[in-house]
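Every chain is numbered from 1 and lettered A, B, ... according to where its sequence line falls, protein lines coming before strand lines.
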Amino acid sequence: MSPSRHSGYVPQDIEPKWQKVWAERGVMKAADDSPKPKYYDLVMYPYPSGDLTVGHARNYVMGDVLARMKRMQGFEVLHPFGWDAFGLPAENAAIKRGGMHPEAWTLGNIAKATRELKMLGILYDWDREVTTCLPDYYKWNQWLFILFYERGLAYRAMAPVNWCPVDKTVLANEQVINGRCWRHPDVEVEKRDLEQWFFKITDYADRLLDDLKLLDQWPAKVRLMQTNWIGRSSGAEVDFAIDGLKDESIRVYTTRPDTLFGATFMVLAPEHPLLDRIVSDRQRAAVREYVARARKASDIERLSTEREKTGVATGAFAINPVNGEKIPIWVADYVLMTYGTGAIMAVPAHDERDFEFAERFGLPIREVIAPAGGSSPGRELRAAYVGPGVMVNSGEFDGLDAVTGIERVIAWLDAKGLGKRAVKFRLRDWLISRQRYWGTPIPMVYCDEDGIVPVPLPELPVVLPKEYKPLSENPEFFRTTCPVCGRAARRETDTMDTFVDSSWYFLRYASPQDAAEPFDSELANHWMAVDQYTGGVEHAILHLLYSRFFIKVLFDAGMLKVSEPFVRLFNQGMVKRFGQVMSKSAGNGVSPDELVSQQGADAGRIYEMFIGPPEEDVEWTDAGLNGVVRFLQRVWRLVLEPESIVVEGHDADGALLERKAAQTVKKVTEHFDELRFNTAVAALMELANAMQSHLQNGGERDATWNSTVRVLVKLLNPLAPHVCEEMWEKLGESGMLADAPWPEYDADAAAVPEVTVVVQVAGKLRDRLTLPVGTPEETVLAAALASERVRAQFNGRRPSKVVFVPDRLINLVP
RNA sequence: GUCGGCGUGGCGGAAUGGCAGACGCGCCAGCCUUAGGAGCUGGUGUCCGAAAGGGCGUGGAGGUUCGAAUCCUCUCGCCGACACCA
């Protein structure tokens with residue numbers, strides 16, 4: 001369907017015209033020194049995959065609609081854009097295209113996507129564009145890395161990695177498919193221990209958790225996901241002596257110190273350092289074999305909860321500190337070395353996993369928490385009881401409520417020096433090393449004399465060599481001299497996780513050309529925090545957590561005054577077509593190019609917003625798009641060719657139209673602010689329908705009409721800026737619509753006169769009804785009837801009176 | 001398994017305690033047209049009825065309330081996140 005045939009509305013003519021005007025006038029530029037209040041409107045910057053579809057564009061349209069409204073409302077809007085340009089796909093594409101450099105592929109995609117975004121009329125302040133693969137940007141990744149290092153937040157440690165023995169390279173988790181290499185489906189991935197760089201995010205675990213309370217404009221779901229990810233638990237660490245070994249003890253962590261008397265065995269993780277020392281000669285061979293098997297098991301096997309528990313007795317015994325009991329020590333892979341102390345006291349009566357293990361290996365189960373009133377001595381447990389109850393079989397603690405018991409037992413342990421209160425987190429430190437070419441080189445040097453030495457700041461950036469091959473195989477890159485002693489030394493050849501790039505890019509937008517530091521503190525403090533951050537829910541945990549971490553570190557370093565980066569967060573849904581997420585590679589993509597050349601950018605923008613609730617996944621259909629084209633044609637006719645509308649009646653009501661316009665101002669303003677774009681579009685369609693009825697019913701094109709026309713054009717402008725700008729000009733208005741003030745909400749004009757009706761039964765107040773009073777008699781009647789029906793149905797009585805509040809009282813039923 | 005979300009016409013969805021189905025798609029009828037995959041007008045939850053009118057209706061069952069798609073309990077179904085975190 002072509003929109004051009006039945007009105008003067010030809011998007012292909014007007015859209016390029018206005019895009020050029022906006023660019024010339026610089027309406028999208030954010031002034032650092034503006035007296036207006038600032039508004040920082042940010043969409044998550046994309047990976048330039050070369051796959052830009054109207055699906056991704058939906059996101060950017062949302063950001064643009066908000067930016068355009070905020071500008072009209074008198075805010076100085078910062079609406080920048082950039083590219084998450086390092087990363088694996090560029091390397092894969094380069095390999096696939098034999099010989100193409102990742103940089104050429106990436107920059108080519110960026111150029112293409114930029115053109116398409118402009119074509120949709122999305123206005124970014126391109127002067128502030130950030131591209132993370134350019135030395136101008138990644139220099140500051142290196143600078144920040146050294147800052148973290150100097151603050152004790154970057155450290156090196158051994159960590160297991162996925163290793164492909166054929167490619168002799170480390171694989172990302174996503175490149176391991178069913179325990180095998182993605183490029184060699186018949187080759188099993190090995191676990192190797194390598195020295196890796198970590199950021200100490202766990203130092204900030206408490207603050208990252210506590211400050212979630214400040215983020216009241218984030219989706220509850222994301223806050224919950226972060227809470228679970230950080231996973232704070234509190235309990236106690238308890239030392240168990242080892243039978244026959246005087247100088248060693250094993251420390252366990254438990255959240256249930258109240259069940260200490262029910263510990264009937266102990267379990268160590270296969271990697272536990274003391275395992276080798278305590279194991280009995282008799283069990284040594286079996287334990288060795290078990291540990292070797294556990295190491296080899298793939299993550300998938302080991303993590304499966306379906307799998308039956310496995311384990312081996314060590315032959316050693318621990319002494320339960322509360323009662324001196326000797327309990328066997330086992331080794332089993334359901335205990336993780338990476339959480340707590342790598343050792344647990346097993347209380348099968350009150351822990352499901354321990355129960356399962358005890359059943360399997362015939363270990364004793366002793367009840368120490370009895371459900372209230374349910375304690376019968378010697379009763380047999382059929383499953384672990386994890387509910388509330390009273391301590392039993394627990395010596396001096398018998399009879400205590402379990403919750404109180406936790407505190408008492410901790411105090412008791414503390415007093416005797418056997419244990420203490422402890423808090424543990426599920427969150428682990430952030431492993432940032434990547435054995436990849438296409439990323440930010442980690443700016444460190446290894447010297448035989450001086451050890452690990454950061455590259456001096458004036459020597460940054462450590463530039464990625466042009467030649468595309470692994471850095472560890474590129475002597476020109478890794479051969480260097482020690483910044484301290486000047487002797488030959490070796491550079492770090494790992495690059496950084498690209499999540500480092502994205503953890504602070506929104507700060508760089510504040511001073512994108514700053515050559516002295518990653519960002520200008522004063523400007524960053526001016527623009528931060530981000531008022532609206534929009535992006536996919538797939539980043540609910542990592543990107544958002546890492547960014548929050550970065551901001552807190554920079555806050556502590558005195559470089560920022562805000563301690564949280566994003567005030568309001570929104571996660572939009574995905575666009576599907578033929579039931580699948582839209583993408584070029586899936587063959588179901590619609591490109592902005594196609595959309596703009598067929599229906600125009602404005603129709604496409606409105607459709608993107610009208611297609612469904614912004615947080616939901618939506619299905620793209622061509623038929624739905626046609627409805628929006630019709631709407632724009634109708635608007636064009638109403639605004640510029642009203643005489644073409646056939647008059648069929650003579651009962652138009654100017655007051656009604658005025659009220660509708662005022663109500664629409666309120667609705668659209670609120671819905672845009674709340675990002676409920678679909679209902680905002682519906683409200684605008686209602687207004688257009690009301691205007692059309694008005695003319696058809698013989699309404700005058702008087703002052704009310706003219707102001708309604710201007711309200712419609714302004715409210716529609718953020719969604720369909722090209723056509724609105726054109727209509728604005730044709731209406732003979734001076735100045736650009738982009739700078740025109742947003743319509744004022746006139747509450748008086750919008751108010752539907754209301755009255756509160758109080759229905760009384762037998763003199764007692766029973767009901768209040770607030771109702772619009774258009775024609776008073778009808779309204780009263782409607783209210784009364786509704787109430788009467790209710791009374792009749794419910795208790796057979798009828799209302800005796802209807803009371804108008806405040807000033808009238810009438811009898812309804814004689 | 002645990003946690004969270006969602007169930008409304010032929011379809012996408014409105015309505016967050018007050019006339020269920022706004023708005024749009026699709027469909028039906030009519031107008032206009034040489035023509036229509038355009039435009040305009042009217043209709044379109046379901047059942048009874050020629051109509052006026054009325055009955056039923058928000059996955060299911062109960063409950064709270066004068067009043068429930070909306071709040072509570074249970075249940076069924078779908079989707080998402082986490083997944084042995086002691």
In the strands shown, is [N] matched to any nucleotide by a Watson-Crick or G-U wobble pair with both distances under 3.5 Å, and which?
N	value
B:U41	B:A29
B:G7	B:C76
B:G36	none
B:C82	B:G1
B:A68	none

Counting any heavy atom closer than 4.0 Å, what does [X] reach on the DNA or RNA strands: base, sugar-phosphate only, or nothing?
X	answer
A:Ile344	base
A:Arg676	sugar-phosphate
A:Gln696	sugar-phosphate
A:Ile611	sugar-phosphate
A:Asp354	nothing

For [X] and [Y], which heavy atoms make the closest approach, and how far apart are they?
X	Y	answer
A:Phe610	A:Asn678	CD1-O, 3.7 Å
A:Phe672	A:Pro718	CE1-CG, 3.9 Å
A:Ala294	A:Asp333	CB-CB, 4.3 Å
A:Ile201	A:Asp429	N-OD1, 3.2 Å

Can you tell me, in whole Å, how much space there is between the [atom1] of [N] and that of [M]?
N	M	atom1	value
B:G77	B:A68	C1'	22 Å
B:G55	B:A20	P	12 Å
B:A14	B:G9	C1'	13 Å
B:G24	B:C32	P	25 Å
B:A52	B:U70	C1'	34 Å
B:G30	B:G37	P	16 Å
B:C47	B:G57	P	15 Å
B:G17	B:C71	C1'	8 Å

For the pair made of [atom1] in [X] and [atom2] in [N], what is the distance, rounded to whole Å?
X	N	atom1	atom2	result
A:Lys576	B:C79	NZ	P	10 Å
A:Lys667	B:A22	NZ	P	12 Å
A:Leu625	B:A38	CG	C1'	16 Å
A:Phe631	B:C25	CZ	P	11 Å
A:Gln633	B:G24	CD	P	14 Å
A:Ile606	B:C25	CD1	P	13 Å
A:Phe240	B:A86	CZ	P	16 Å
A:Arg634	B:A38	CZ	P	15 Å

Are OP1 or OP2 of [N] and a side-chain N or O of [X] less than 4.0 angstrom apart?
X	N	value
A:Asn678	B:A22	no
A:Asn228	B:A81	no
A:Gln692	B:U41	yes
A:Arg630	B:G26	yes
A:Tyr339	B:A86	yes
A:Ser233	B:A86	yes

- line: Against the side chain of A:Lys221, the closest entry in B:G12, B:G80, B:C84 is B:G80
- line: A:Asn689 has its side chain closest, among B:G24, B:G39, B:G4, to B:G24
message: Can you tell me if A:Glu594 has over 12 outside heavy atoms packed within less than 6.0 Å of its CD?
response: yes
query: Would you say A:Gln580 has more than 12 foreign heavy atoms packed within less than 6.0 Å of its CD?
result: no
Anti versus syn assignment for B:G26, with syn defined as within 90° of 0: anti
message: Using heavy-atom distances to pick each residue's nearest nucleotide on RNA chain B, tell me which of A:Gly231 and A:Ala683 is more 5'.
response: A:Ala683
Any luck finding a side-chain donor-acceptor pair between [X] and [Y] under 3.5 Å?
X	Y	result
A:Arg634	A:Gln692	yes
A:Thr259	A:His350	no
A:Asp354	A:Tyr334	yes

query: So do A:Leu625 and A:Leu595 actually touch side chain to side chain, heavy atoms under 4.5 Å?
result: yes
query: Using a heavy-atom distance cut-off of less than 4.0 Å, which residues of residues 420-427 of chain A contact RNA chain B?
result: A:Arg426
